Amino acid sequence: MMKHAWYNYKHYAWGLNELKPVSKEGHSSSLFGSIKGATIVDALDTLFIMEMKEEFEEAKSWVEENLDFNVNAEVSVFEVNIRFVGGLLSAYYLSGEEIFREKAVELGVKLLPAFHTPSGIPWALLNIKSGIGRNWPWASGGSSILAEFGTLHLEFIHLSHLSGNPIFAEKVMNIRTVLNNLQKPQGLYPNYLNPSSGQWGQYHVSVGGLGDSFYEYLLKAWLMSDKTDLEAKKMYFDAVQAIETHLIRKSSRGLTYIAEWKGGLLEHKMGHLTCFAGGMFALGADDAPKGRTQHYLQLGAEIARTCHESYNRTFVKLGPEAFRFDGGVEAIATRQNEKYYILRPEVVETYMYMWRLTHDPKYRKWAWEAVEALEKHCRVTGGYSGLRDVYLRQDSYDDVQQSFFLAETLKYLYLIFSDDDLLPLEHWIFNTEAHLLPILSTNRKEVGVDE
Ligand code: DMJ
């Protein structure tokens, strides 16, 4: 599958960001401005892990010769961080090739002006030439987004570690300080925070889009620090407790789901993106407050089951972008604009963690169902395409091979069918784009719960 995705990208879209597998041409997304090569950088570590050595070398040569950050481009700080900085760091740690470290640090420096706001909460969008930032025009009251500014921590800690320059770590630690000084409604983190006033915007709370990887990065900051970052641990478990109280519900037929919270009212909808949380709960279970380890493993298993149901209840056996638990339906998309599947990884990501942590064979079975569905419904002669409607019997290709399909979906699937000693969870953290960062055992004194 990786070969099919890679060779078609190489053939039809080499050097561009993504591939249109039906039209057989390049696809450009505004997320990266005029930075090029998203699929190459996102795929580097997957190629390495899968021992596709020649392909890794050609990707490396492209990075050496063509990856250029001296462009007049407005980019999404979050997307560039998780895919490009994360992809380069991971390639560096796996291969030891200096070029990847250099490029990661060069890009990290370009992203620093995003933090020039009164509160230090970064802008969502940044022109990496002029250093001028702004927020998404649609975001509540000019706010920055929790899942965006909260998903820089792991990469920026590594940038400081690899460059010897503390500035990257200082920027992300200040985000924590701002968050810890704010009152949280019912202990929950709203998705919107205004970088000028340093105050929350609209009270919308979600473990899916707009919130998701903020929670993921709290847990992983704790794990990546070799369990020294007690502040991250406390923030994670406090947040999870509030989420359990206010967002997690069980349907009448026994499916556990994570709803969205809007100013105290629940919307009984769960996004595909939210499905990553099964793996997160299980990954954090070992360090849960006393007596709660089994509870969190169980919660992970229940979320995995619900997300599997969302796949199983479609025609193509791949899940919709969002599914509902109201009006008599359970785990089914009811709105036309929520029926698409864009090759996202979150469900197989949760299967990967559940497999590694429990070895229950059902996770391999479910992962194989996803492989078969991808082969049957998403594979086209020019690569892999997302689908516009997972309930339709006829093809509904969206004609995009997302770069995260190579970075995440195929990597997690590969790991589910590999031995546990390939990238053991005791040594490696996956960033939110499935790029690998080693656990750092040297920053023991950097963060304490009282500091
Ligand atoms: C990826 O870029 C990352 O997994 C991110 O956290 C969420 N969106 C996509 C995949 O769905």
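Remember, it's 1-based here, ligands and their atoms both numbered in the order they're listed. The first residue in the sequence is number 1, and the count goes up from there. Everything numeric in this text was worked out from a predicted model, so none of it was measured.
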Which donor-acceptor pairs under 3.5 Å do the side chains of residues 274-282 make with protein atoms, sequence neighbours left out?
residue, atom, partner, partner atom, Å
Thr274, OG1, Gly271, N, 3.1
Thr274, OG1, Gly271, O, 3.2

Subject >> Test side chain to side chain donor-acceptor pair (under 3.5 Å) applied to Tyr311 and Glu369, His272, Lys317, the passing residue >> reply: His272
Original post:
Between Phe115 and Phe156, how do the two ring planes meet: parallel, tilted or perpendicular, split at 30° and 60°?
Top reply: tilted
Any protein N or O within less than 3.5 Å of an N or O in ligand 1? List each pair with its distance, or say none.
residue, atom, partner, partner atom, Å
ligand 1, 2 (O), Glu433, OE1, 2.5
ligand 1, 4 (O), Glu408, OE1, 3.3
ligand 1, 4 (O), Glu408, OE2, 2.7
ligand 1, 4 (O), Thr432, O, 2.8
ligand 1, 6 (O), Thr432, OG1, 2.8
ligand 1, 11 (O), Arg344, NH1, 2.7
ligand 1, 11 (O), Glu346, OE2, 2.7

Validation: residues 23-37 side-chain donor-acceptor distances under 3.5 Å, sequence neighbours left out:
residue, atom, partner, partner atom, Å
Ser23, OG, Asp399, OD2, 2.3
Lys24, NZ, Thr381, OG1, 3.0
Ser29, OG, Leu31, N, 3.1

What donor-acceptor contacts under 3.5 angstrom involve side-chain atoms of residues 78-90, with partners at least two apart or in another chain?
residue, atom, partner, partner atom, Å
Glu79, OE1, Arg83, NE, 2.9
Glu79, OE1, Arg83, NH2, 2.9
Asn81, ND2, Thr151, O, 3.0
Asn81, ND2, Glu155, OE1, 3.1
Arg83, NH1, Ser403, OG, 2.9
Ser90, OG, Asp45, OD2, 2.6
Ser90, OG, Leu436, N, 2.9

Original post:
More than 12 foreign heavy atoms under 6.0 Å from NZ of Lys129: is that the case here?
Top reply: no
